[in-house]
Number of protein chains: 2
Amino acid sequence: MGGEHAEVVRLLWGPHPKPARGPRPTLDLDRIARAGIEIADSEGLADVSMQRVAAQLGVTKMALYRYVPGKAELVALMVDAAIGPCPAAKVRRGDWREQLEEWARQLLTVFRQHSWALDATVGPRVMGPGELSWLERAVSALDGTGLSGAERMDAAVLLVGHVRGITQQTRAAGPGGNPEAQLGTILGDLMQEHGERFPALTAALASAAQSDGQDQAWDFGLQRILDGLAALIDRRAR
Amino acid sequence: MGGEHAEVVRLLWGPHPKPARGPRPTLDLDRIARAGIEIADSEGLADVSMQRVAAQLGVTKMALYRYVPGKAELVALMVDAAIGPCPAAKVRRGDWREQLEEWARQLLTVFRQHSWALDATVGPRVMGPGELSWLERAVSALDGTGLSGAERMDAAVLLVGHVRGITQQTRAAGPGGNPEAQLGTILGDLMQEHGERFPALTAALASAAQSDGQDQAWDFGLQRILDGLAALIDRRAR
DNA sequence: AGTATCAGTGTCCACTGGACACAGTTTTTT
DNA sequence: AAAAAACTGTGTCCAGTGGACACTGATACT
């Protein structure tokens, strides 16, 4: 169990011993990951293939297999490099709510910049140092709140889930048009034809038509989660 | 815009006019979707190919293209058939919290039965009648709470995000072992080597080691979200 | 110098999603 | 009844994918 993970762990966490003999490598893991990220950012994850990445680096596809055992590992490297290390907090320590809110906004920004990372992070996987640094900051923001270790981690996971959910329904909406309107348009067309089967939905949609907040769903969910955490923390404090 | 969606909308929502002339079709969309689901359930979405599905149905792969324009549409059909129509609520109407909680648990069950549906539902897509029926029930549970239409939908989306997040970190953990322990083991191994870089995480992990609730993360997040919603609804009521 | 080691190339394979022409079956029209 | 039209499933073909493997060179230790 977990033996198959050993390889990707070594790739993500090192060490990376440089060879003693033989010709010098033309590539390195970092350049490979960055090349893949460049393609994924501009053309989507589906267009990331060994050939494509190799071409980007001016090399044959098989050369990549000298550095990376397979495509799965390549993608794992790309994800961790794209998510990157979590930037340091700017708000004062001690206020967990402000810290978590800033953290969530930063995470959302990163996910929006590399929205292909969503596709590449379905299912449980080995996390790299970048991804773990994000988790670290979220958990540390909750230090001293009276929450147990498991609860602090659960809270972080909950927030990540929201970020992912929002990223999912946001992306592919052109940078100009707001995503809720786009979703509403598609839904509205369907409701016009099958509305009688979904009365509550049509009503909600009609009432939601004039609300035009850019990030309404994001802020709503974020505040609800933070409210829920605050309620628990208060209860514990008493 | 949206013109490319027309085909999948027709597939998901009908109508499906039966041909007037020519030999009778051996297949229908429902059988095709179910064959795909069967494969995905037992072997994962990656093993669902046109050939594989066709073989399951005792037919050539190209025969499928008479019913479905491409693989993407096949998967869309599979998803909506697998998610299925939302079962009717068993708890009394009026208590939104109880209703939403039951709804979320049912949705989690469905996602766990077909965990490949996660992979197939990244990115915004056209929803089918099954998927919409779930949304309908969640929104209708919030009727009369004083929340606006947009807010009711945002709440549903928030809950779906949590269900997805939990499904994601749950799956591939054998039915016996609880997922948190598995995640903890992998994380623990990493912390042992690089723990000094993640002090808060190591502390939280150590404290979380003895907590062994099977669905701890699930219940925690669910209650936090519902608490947050309750707080808002109370505030509005006053 | 000699040799083990390692990098990048070229060739091969099974498989994927999909295009297309074709033969066979059924219904409508003449 | 006969012919035409419409439709289904099949066979064949193609570009592209991830990956295996043998090979030619370049490099550094002995």
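Scope of the values below: all heavy atoms of this structure, side chains included, with no hydrogens, waters or symmetry mates. So you know, we letter chains A, B, ... as the sequences are listed, proteins then strands, and number each from 1. Only a predicted model underlies this, so the values are computations on that prediction, with no experimental measurement involved.
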Peer 1: Check this for me: does any side-chain nitrogen of one of D80(A) and R125(A) sit under 4.0 Å from a carboxylate oxygen of the other?
Peer 2: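 R125(A) and D80(A): not salt-bridged.
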Peer 1: Do Q113(A) and D41(A) have side-chain N/O donor and acceptor atoms under 3.5 Å apart?
Peer 2: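 Absent: no donor and acceptor within the cut-off.
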Peer 1: Ignoring hydrogens and geometry beyond distance, is a side-chain donor-acceptor pair present between R164(A) and T121(A) at under 3.5 Å?
Peer 2: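 Distance-only check passes for R164(A) and T121(A).
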Peer 1: Out of dT27(C), dG25(D), dT10(D), which has the shortest distance to the side chain of V59(B)?
Peer 2: dT10(D)
Peer 1: Is it true that R52(A) and E38(A) have a side-chain N and a carboxylate O under 4.0 angstrom from each other?
Peer 2: no
Peer 1: Using a heavy-atom cut-off of under 4.0 Å over every strand shown, decide if A20(B) touches base, sugar-phosphate, or nothing.
Peer 2: sugar-phosphate
Peer 1: Say whether Q56(A) and R31(A), considering side chains only, have a donor N or O and an acceptor N or O under 3.5 Å apart.
Peer 2: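 Looking only at side-chain atoms, R31(A) and Q56(A) do not form any donor-acceptor pair under 3.5 Å.
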Peer 1: Should E73(A) and R10(A) count as an ion pair when the cut-off is N to O under 4.0 Å?
Peer 2: no
Peer 1: Any residue in residues 38-45 of chain B with a heavy atom nearer than 4.0 angstrom to DNA chain D? Just list them by number, or reply none.
Peer 2: none
Peer 1: Nearest-nucleotide wise, let me know which of G58(B) and G22(A) is further upstream toward the 5' end of DNA chain D.
Peer 2: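 Counting from the 5' end, the first nearest nucleotide belongs to G58(B).
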Peer 1: In whole angstroms, how far is the P atom of dG18(C) from the CG atom of L64(B)?
Peer 2: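 It works out to 11 Å between those atoms.
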Peer 1: Can you find a side chain N or O atom of R24(B) that sits less than 4.0 Å from OP1 or OP2 on dT27(C)?
Peer 2: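 So the side-chain polar atoms of R24(B) do come within 4.0 Å of the phosphate oxygens OP1 or OP2 of dT27(C), strictly under.
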Peer 1: Take atom NE2 of H16(B) and atom P of dC7(D), then tell me their distance rounded to the nearest Å.
Peer 2: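 Roughly 17 Å, once rounded to whole Å.
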Peer 1: For L27(A) and dC6(C), give me the distance from atom CG to atom C1', rounded to whole Å.
Peer 2: 15 Å
Peer 1: Just checking, is any N or O donor in the side chain of S140(B) or R152(B) under 3.5 Å from an acceptor N or O on the other one?
Peer 2: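 S140(B) vs R152(B): no donor-acceptor pair found between side chains.
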Peer 1: Using nucleotides 15-24 of chain D, report all nitrogen or oxygen pairs with the protein that are shorter than 3.5 Å.
Peer 2:
{"residue": "dT17(D)", "atom": "OP1", "partner": "S49(A)", "partner atom": "OG", "Å": "3.2"}
{"residue": "dT17(D)", "atom": "OP2", "partner": "Q51(A)", "partner atom": "NE2", "Å": "2.3"}
{"residue": "dG18(D)", "atom": "OP1", "partner": "K71(A)", "partner atom": "NZ", "Å": "3.3"}
{"residue": "dG18(D)", "atom": "OP2", "partner": "M50(A)", "partner atom": "N", "Å": "3.0"}
{"residue": "dG18(D)", "atom": "N7", "partner": "K61(A)", "partner atom": "NZ", "Å": "3.3"}
{"residue": "dG19(D)", "atom": "OP2", "partner": "Y65(A)", "partner atom": "OH", "Å": "3.2"}
{"residue": "dG19(D)", "atom": "OP2", "partner": "K71(A)", "partner atom": "N", "Å": "2.9"}
{"residue": "dG19(D)", "atom": "N7", "partner": "K61(A)", "partner atom": "NZ", "Å": "3.0"}
{"residue": "dG19(D)", "atom": "O6", "partner": "K61(A)", "partner atom": "NZ", "Å": "2.6"}

Peer 1: Find the distance R21(B):CZ to dA6(D):C1' and express it as a whole number of Å.
Peer 2: 5 Å
Peer 1: Answer yes or no: is there a donor N or O on one side and an acceptor on the other, between the side chain of W13(B) and the main chain of M127(B), under 3.5 Å?
Peer 2: yes
Peer 1: Looking at D28(B) and K18(B), does any basic side-chain N land under 4.0 Å from a carboxylate oxygen?
Peer 2: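 Salt bridge flag = no for K18(B) with D28(B).
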